[in-house]
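Order of appearance sets the numbers: ligands from 1, and atoms from 1 within every ligand. Residues take their numbers from the sequence shown, with the count starting at 1.
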Amino acid sequence: MKTILLNNGIEMPILGFGVYQVTDLDECEKSVSQALETGYRLIDTAAAYKNETAVGKAIQKSSVARDNIFVTTKLWIQDAGYNRTKKAFEKSLVNLGLDYLDLYLIHQPFGDVYGAWRAMEELYREGRIRAIGVSNFAPDRLMDLMVHHEVKPAVNQIETHPFCQQIDAHEFLKKHQVQMESWGPFAEGKHDIFKNEVLTSIAKKHHKSVAQVILRWLIQRDVMLIPKSVHKERMVENFSVFDFDLEVEDMATIAALDTKQSCFFDHRDPEMVAWLGSRTL
Ligand code: NAP
């Protein structure tokens, strides 16, 4: 598995497995077990997904050693703030049945993210988290966090797929040595992505599926990715992306699909900020 070296020297698999919206805990445990069997070594969950316990059970039951699995979870908005973050971290660890975390992310750039970051910096220095980062932070929010703190975020996990390619954000992140990680690599299937004509013709040329072309395109951009599937055959398909290369013209063709817009919502929309802020776990 190709790995990415984070800005603190920690190695992280470039391809992992996400469990957003896998709310049935038995299904989540089964999916993570199957993902580990398939070869995935990066699992991405969040307190807000309410499935950390199922992820933890799958990890405990797996024959893969704990230190060969890279576990990410995320802090929800209501728990931002110094004291609340410390408590939320302990709760996530208990839920996961782990004694350290590989990556802890601030899930959304809202609420007391300053207090949250100070708590996370301490936990990181104490060795309880191997790397700390953020999610859904636009460049200005990330800069604000960076200039006022000592530990630089290692990762920013943001919506990234062929219809929302995040070219400018990626340039900014590269310049500041913050690793970009894609969420929603398939745009959760929106706009019939799996039947997109442009992607289908590239897939046919390489004897691969549209899903594999999308994942390969992200890997060739050095973007980390965490596709989700509850189907074993798709887990295998999504993992089989290291045996072909997209050509320069394929990359250019996919670049033309960018709408530079989210397929979900705008993190700058005040109504959405209010709605997210009112969502408690
Ligand atoms: P996604 O990975 O873009 O898409 C998942 C959808 O694609 C599911 O409906 C899945 O169906 C389907 N699918 C997967 N592989 C396929 C294949 N090979 N062929 C056809 N369909 C396929 O969406 P996502 O779950 O939102 O994003 C991935 C991960 O990113 C999440 O699980 C989560 O860990 C993370 N995430 C983070 C944030 C954030 O705010 N930080 C937000 C969203 C997501 P089946 O499951 O039925 O196979």
Side-chain angles (χ1 to χ4, degrees), residues 12-24 27-28 30-32 34-35 38 40 42-52 54-55 58 70-77 92 96 102-110 113 133-138 141-142 153 155-166 169 179-196 199-200 203 208-218 223-241 262-267 272-273 275-276 279:
M12 180 167 172
I14 193 163
L15 171 65
F17 184 74
V19 294
Y20 178 44
Q21 290 171 326
V22 193
T23 46
D24 179 300
E27 182 176 51
C28 182
K30 184 174 160 208
S31 300
V32 174
Q34 290 180 333
T38 304
Y40 290 86
L42 158 62
I43 310 293
D44 183 275
T45 183
Y49 304 168
K50 299 192 176 177
N51 56 18
E52 289 173 316
V55 169
F70 194 104
V71 184
T72 303
T73 194
K74 315 185 191 83
L75 175 84
W76 189 242
I77 302 167
S92 283
L96 287 159
D102 295 281
L103 179 65
Y104 200 31
L105 303 178
I106 297 182
H107 202 148
Q108 302 286 352
F110 309 129
V113 292
V134 296
S135 177
N136 299 306
F137 273 54
R141 294 292 84 222
L142 192 65
V155 170
N156 188 14
Q157 187 183 107
I158 53 178
E159 177 188 347
T160 315
H161 47 74
F163 305 135
C164 179
Q165 302 192 4
Q166 303 281 15
Q179 176 60 42
M180 182 158 131
E181 183 175 30
S182 150
W183 67 250
F186 303 136
E188 293 181 10
K190 288 199 186 316
H191 304 306
D192 247 349
I193 195 165
F194 297 109
K195 293 194 182 131
N196 181 279
L199 297 171
T200 304
K208 287 285 181 179
S209 67
V210 165
Q212 288 169 323
V213 166
I214 295 170
L215 302 180
R216 185 69 211 172
W217 164 74
L218 285 164
V223 174
M224 295 191 304
L225 55 155
I226 40 171
K228 168 261 175 187
S229 178
V230 293
H231 296 97
K232 173 90 188 219
E233 67 279 8
R234 288 180 176 170
M235 293 176 203
V236 172
E237 175 185 335
N238 297 346
F239 199 70
S240 310
V241 289
S262 167
C263 281
F264 300 91
F265 58 82
D266 180 358
H267 278 81
M272 189 47 71
V273 176
W275 180 79
L276 282 170
R279 260 197 83 214

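Aromatic ring orientation, F239 versus Y40: tilted (interplanar angle from 30° to 60°). Taking the six-membered ring where the residue is Trp, H161 and F163 present perpendicular rings, their angle passing 60° and hence far from 30°.
Scored by the side-chain contact (heavy atoms from CB on, under 4.5 Å) test, S262 finds E159, F264 as partners (sequence neighbours excluded).
Judged by distance alone, the side chains of D44 and W183 never bring a donor and an acceptor atom under 3.5 Å apart. One side chain, S209 or E237, offers a donor N or O that lies under 3.5 Å from an acceptor on the other.
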Are any protein N/O atoms closer than 3.5 Å to the N/O atoms of ligand 1? If there are, list each pair with names and the distance to one decimal place.
from, atom 1, to, atom 2, distance (Å)
ligand 1, 2 (O), K228, N, 3.1
ligand 1, 3 (O), P185, N, 3.3
ligand 1, 3 (O), F186, N, 2.8
ligand 1, 3 (O), A187, N, 3.4
ligand 1, 3 (O), E188, N, 3.1
ligand 1, 11 (O), R234, NH1, 3.3
ligand 1, 15 (N), N238, ND2, 3.0
ligand 1, 18 (N), E237, OE2, 3.2
ligand 1, 18 (N), N238, OD1, 2.9
ligand 1, 26 (O), E188, OE2, 2.5
ligand 1, 27 (O), G184, N, 3.1
ligand 1, 32 (O), V19, N, 3.2
ligand 1, 32 (O), Y20, N, 2.9
ligand 1, 34 (O), D44, O, 3.4
ligand 1, 34 (O), D44, OD1, 2.7
ligand 1, 36 (N), Y49, OH, 3.3
ligand 1, 40 (O), H107, NE2, 3.4
ligand 1, 40 (O), N136, ND2, 2.9
ligand 1, 41 (N), S135, OG, 2.8
ligand 1, 41 (N), Q157, OE1, 2.9
ligand 1, 46 (O), K228, NZ, 2.8
ligand 1, 46 (O), V230, N, 2.9
ligand 1, 47 (O), H231, ND1, 3.2
ligand 1, 47 (O), R234, NH1, 3.4
ligand 1, 48 (O), S229, OG, 2.6
ligand 1, 48 (O), H231, ND1, 2.9
ligand 1, 48 (O), R234, NH1, 2.7

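Ring centroid separation for the pair Y49 and H107 comes in under the 6.0 Å cut-off.
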